[in-house]
Enquirer: 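Supplied in structure tokens, the structure appears directly below.
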Number of protein chains: 2
Amino acid sequence: MSTTRGARARAREEVTAAIKDEARRQLAAEGAAKLSLRAVARELGMVSSALYRYFPSRDDLLTALIIDAYDSIGEAAERADAALLKKGDGVAPVRRWVAVGEAVRAWALAHPHEYALIYGSPVPGYTAPMTTVPAASRVGLLFIGIVRDAHQGRGVAEPPLSVELRPEAERLAAELAPDLPPAVVAALVAAWAQLFGLIGFELFGQFNRVVEDRAAFFSHAATQLAHGVGLVLPRA
Amino acid sequence: MSTTRGARARAREEVTAAIKDEARRQLAAEGAAKLSLRAVARELGMVSSALYRYFPSRDDLLTALIIDAYDSIGEAAERADAALLKKGDGVAPVRRWVAVGEAVRAWALAHPHEYALIYGSPVPGYTAPMTTVPAASRVGLLFIGIVRDAHQGRGVAEPPLSVELRPEAERLAAELAPDLPPAVVAALVAAWAQLFGLIGFELFGQFNRVVEDRAAFFSHAATQLAHGVGLVLPRA
DNA sequence: TCTCAAGCGAGAGCACTGCTCTCGAAAACG
DNA sequence: CGTTTTCGAGAGCAGTGCTCTCGCTTGAGA
């Protein structure tokens, strides 16, 4: 199939991958603002105009990197959860929640510029195209899955829900997890955003000269967030 | 004083202010990435090199805008709190907390690019200079003040605190608010970061196709955050 | 009051960017 | 085999941040 489809197509994929790799290298080294198409081309031994055969613009290259980053952080999160599940079958959902949060944080610390690309401020004029949606959803879906498992195991205490938010909570639940109580889904979405708020503040320097033991701080806060969603502690 | 110090110095301040104003206009219109020194100079009817008499580099202009933005959002938050306090003297701290949160969110929605500048990903080679610290602290200090007032009024229920976080919590309390219990201070710092996480997710598009009634969602989440810090509901 | 250094704007110029267009070679297809 | 598509190279355009030099203006000290 894809091998018979010609050396042409295969070469194209290879060059495309090489461009992305080099771009990712520059991204990690200097940040998105200093990512230069010409520098990428130069490093690859080709001329800048040749690069436009593969990516119609700098923003399209960025978009490709964004999707890859979403997939990378999503996979890191999923692996952390899977590794925990493999250890034993009685894993408390709280532990899974915190482990996934810590995995996300670890990925962010290891790839700060890529994290900034996807969870920081959107770059130029640029609105993320629909193609990024599936990759971007992976971490969120993982959290939903954990809460769902907890709910099926009767491990969820329903969080409070104000009357003002009830309609929105029901809409959220219908769209994201119809099998979960609206109050849980609303709390889940909020906790999801808040978790990334903690990571963003740490990564973007807001915790400088404030929080010192950031790992402990994050784990504690993530645990509290899990409680807020209704995930209860394992019976000690 | 400053008037006798010469028309020279006054002209300098005026030009500096004009540059910042025009830069802020471009920032609001197109974002930090498209802020161009040359375009600012062009709009002001001067040549680009003249601008370097006032700001030694583009990054220095950005830094000035960052400080102004921090001051602006801090002032917006403080005004919201003051306005609430003026209405009556028995204002529940929870209400103040939520009002300040909503003011911060409103400012962010009104100045998305400036918000991205200060709470989004740091721009080029970054490392915010020390000079930004006081302005950057205003919102945080305001939250601390609210919790402190609540504590003096016996309106704080101490949040849970894991043994792992106790040392860090005590350090935080000693540094930020020695008169408050470490558990409260730790929860406060976490809630502070989480609140901006909610705003960032809304502003940077993470809530697109997810949360619809964002105002209600934010108010609810902010209220929950206040409870997490220990601010209790007013006795109904 | 006069003088001279400091402050300032204009202009040219450097190295760099994203992007477009054209041209010739090479590969793929009929 | 010929034709069409694909690709890289090169030149070029408009724009960027930033530096340097050159004169004009202005304000402060002798």
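Within every chain, numbering begins at 1; the chains are lettered A, B, ... in the order of the sequence lines, protein sequences first and strands thereafter.
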Enquirer: Taking only side-chain nitrogens and oxygens of A:S36, does any of them come within less than 4.0 Å of OP1 or OP2 of C:dG18?
Expert: yes
Enquirer: Would you call the rings of A:F201 and B:W192 parallel, tilted or perpendicular if under 30° counts as parallel and over 60° as perpendicular?
Expert: perpendicular
Enquirer: Given atom CD of B:E13 and atom P of C:dC8, what is their separation to the nearest angstrom?
Expert: 12 Å
Enquirer: Output the rounded distance in Å from CG (A:L44) to C1' (D:dG8).
Expert: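 Going from A:L44 (CG) to D:dG8 (C1'), I get 13 Å.
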Enquirer: How are the rings of A:W107 and A:Y115 set relative to one another: parallel (under 30°), tilted (30 to 60°) or perpendicular (over 60°)?
Expert: tilted
Enquirer: Atom CG of B:D59 to atom P of D:dG17: distance rounded to whole Å?
Expert: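 One finds 11 Å between P of D:dG17 and CG of B:D59, rounded.
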Enquirer: Could you tell me if B:D60 and B:S57 have a donor-acceptor pair between their side chains, going purely by distance under 3.5 Å?
Expert: yes
Enquirer: Taking OH from A:Y52 and C1' from D:dC13, how many angstroms apart are they, rounded to a whole number?
Expert: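 Going from A:Y52 (OH) to D:dC13 (C1'), I get 13 Å.
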Enquirer: Could you check B:R38 against A:R38 and say which one's nearest nucleotide on DNA chain C is further toward the 5' end?
Expert: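 So the residue in question is B:R38.
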Enquirer: Can you give me the N/O atom pairs linking the protein to nucleotides 9-11 of chain C at distances under 3.5 Å, or say none if there are none?
Expert:
unit_1 : atom_1 : unit_2 : atom_2 : d
C:dG9  : OP1    : B:Y54  : OH     : 2.9
C:dG9  : OP2    : B:Y54  : OH     : 3.3
C:dG9  : N7     : B:R53  : NE     : 3.4
C:dG9  : O6     : B:R53  : NH2    : 2.6
C:dA10 : OP2    : B:V47  : N      : 3.0
C:dA10 : N7     : B:S49  : OG     : 3.3
C:dG11 : N7     : B:S49  : OG     : 3.4
C:dG11 : O6     : B:S49  : OG     : 2.7

Enquirer: What is the distance, rounded to the nearest whole Å, between atom CG of A:L62 and atom C1' of C:dG18?
Expert: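 Distance check: A:L62 CG to C:dG18 C1' gives 13 Å.
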Enquirer: Would you indicate what B:S57 reaches in the nucleic acid, counting non-hydrogen atoms under 4.0 angstrom: base, sugar-phosphate, or nothing?
Expert: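 Sugar-phosphate: the residue B:S57, judged by heavy atoms under 4.0 Å, touches backbone atoms but no base.
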Enquirer: Work out which heavy atom in A:A103 is nearest to a heavy atom in A:A77; give both atom names and the distance.
Expert: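 Nearest pair, atom of A:A103 first, then A:A77: CB-CA, 4.3 Å.
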Enquirer: Using the ring of each side chain (for Trp, its six-membered ring), is A:F143 parallel, tilted or perpendicular to A:W97, with breaks at 30° and 60°?
Expert: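 If you compare the ring of A:F143 with that of A:W97, the planes turn out tilted.
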Enquirer: Under a 4.0 Å threshold between the charged nitrogen and the carboxylate oxygen, would B:R25 count as salt-bridged to B:E22?
Expert: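 B:R25 and B:E22: salt-bridged.
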Enquirer: Can you tell whether the side chains of A:E13 and A:R10 come within less than 4.0 Å, N to carboxylate O?
Expert: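 Salt bridge between A:E13 and A:R10, a charged N being under 4.0 Å from a carboxylate O: no.
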Enquirer: Let's see if you can work this out: which of D:dG17, C:dC16, D:dG15 has an atom nearest to the side-chain heavy atoms of B:R58?
Expert: D:dG17
Enquirer: A:F55 has an atom CZ; how far is it from atom P of C:dT17, in whole Å?
Expert: 18 Å
Enquirer: Quick one: the side chain of B:R12 and the base of C:dG7, do they pair up donor-acceptor inside 3.5 Å?
Expert: no
Enquirer: How many Å lie between CZ on A:R10 and C1' on D:dT6, as a whole number?
Expert: 17 Å
Enquirer: I need the NZ-P distance between B:K34 and C:dT17, as an integer number of Å.
Expert: 18 Å
